[in-house]
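All of these numbers come straight from a predicted model, not from anything done at the bench. Computed over heavy atoms, backbone and side chain alike; hydrogens, waters and symmetry mates excluded.
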Amino acid sequence: PDIVSYNSLMKALMKTARTREVEELFWQMKMNSVMPDVVTLKTMRWALGRQRVKELLSDADLLAEQWSDEQMAGVALNTGLVA
């Protein structure tokens, strides 16, 4: 699956309050080398909360991996992952 497929499924899971499955899908993305995008992170933030998303990104070594400082700053601002 591509990022659009993952994002669509994640949004459906979020809308039905299936938060555990949102996290599981995030890890499946990581295993399949699909990088989360702004849509992914916004959906995760709505489903799990800002702090949990930050923890997951850190645990998955994705908090800064493969993103330039400018990209990460944009993601952080667009998803509310900055204080």
Side-chain angles (χ1 to χ4, degrees):
D2 63 7
I3 189 66
V4 174
S5 300
Y6 278 113
N7 286 342
S8 297
L9 180 54
M10 189 173 285
K11 188 171 269 189
L13 292 170
M14 179 218 34
K15 286 183 176 184
T16 56
R18 295 160 67 182
T19 57
R20 187 185 86 242
E21 292 173 68
V22 168
E23 287 193 32
E24 290 171 0
L25 188 61
F26 169 76
W27 288 110
Q28 183 181 353
M29 288 175 65
K30 170 73 174 166
M31 285 183 353
N32 291 324
S33 301
V34 177
M35 285 290 292
D37 63 6
V38 172
V39 174
T40 311
L41 298 179
K42 282 184 177 184
T43 302
M44 289 176 64
R45 182 172 177 251
W46 276 103
L48 307 171
R50 177 175 45 191
Q51 185 60 40
R52 183 62 185 142
V53 173
K54 288 170 81 172
E55 291 168 2
L56 285 171
L57 291 174
S58 179
D59 290 348
D61 294 325
L62 291 176
L63 204 49
E65 180 180 299
Q66 296 182 7
W67 282 333
S68 69
D69 290 341
E70 295 82 19
Q71 287 172 311
M72 193 61 208
V75 167
L77 288 172
N78 285 322
T79 60
L81 293 175
V82 292

Starting at [atom1] of [X], measure out to [atom2] of [Y] and round the result to the nearest 0.5 Å.
X     : Y     : atom1 : atom2 : answer
Lys11 : Thr16 : NZ    : OG1   : 13.0 Å
Arg20 : Leu13 : CZ    : CG    : 10.5 Å
Met29 : Met31 : CE    : CE    : 12.0 Å
Glu24 : Thr19 : CD    : OG1   : 9.5 Å
Gln28 : Glu21 : CD    : CD    : 11.0 Å

Leu56 reachable from Met14 in the ILVMFWY side-chain graph, under 4.5 Å edges: no
Salt bridge (charged side-chain N to carboxylate O under 4.0 Å, His left out) partners for Arg52, two or more places apart: Glu23, Glu55
Side-chain (Ser58) to main-chain (Lys54) donor-acceptor, under 3.5 angstrom: no
When the side chains of residues 1-10 are checked against the rest of the protein, which donor-acceptor pairs come out under 3.5 Å, sequence neighbours left out?
| from | atom 1 | to | atom 2 | distance (Å) |
| --- | --- | --- | --- | --- |
| Asp2 | OD1 | Val4 | N | 3.3 |
| Asp2 | OD1 | Ser5 | N | 2.9 |
| Asp2 | OD1 | Ser5 | OG | 2.9 |
| Tyr6 | OH | Asn32 | ND2 | 2.6 |
| Asn7 | OD1 | Thr40 | OG1 | 2.4 |
| Asn7 | ND2 | Ile3 | O | 3.4 |
| Asn7 | ND2 | Asp37 | OD1 | 3.1 |
| Asn7 | ND2 | Asp37 | OD2 | 3.4 |
| Ser8 | OG | Val4 | O | 3.0 |

Side-chain heavy atoms of Val22 within contact of Trp46, under 4.5 Å: no
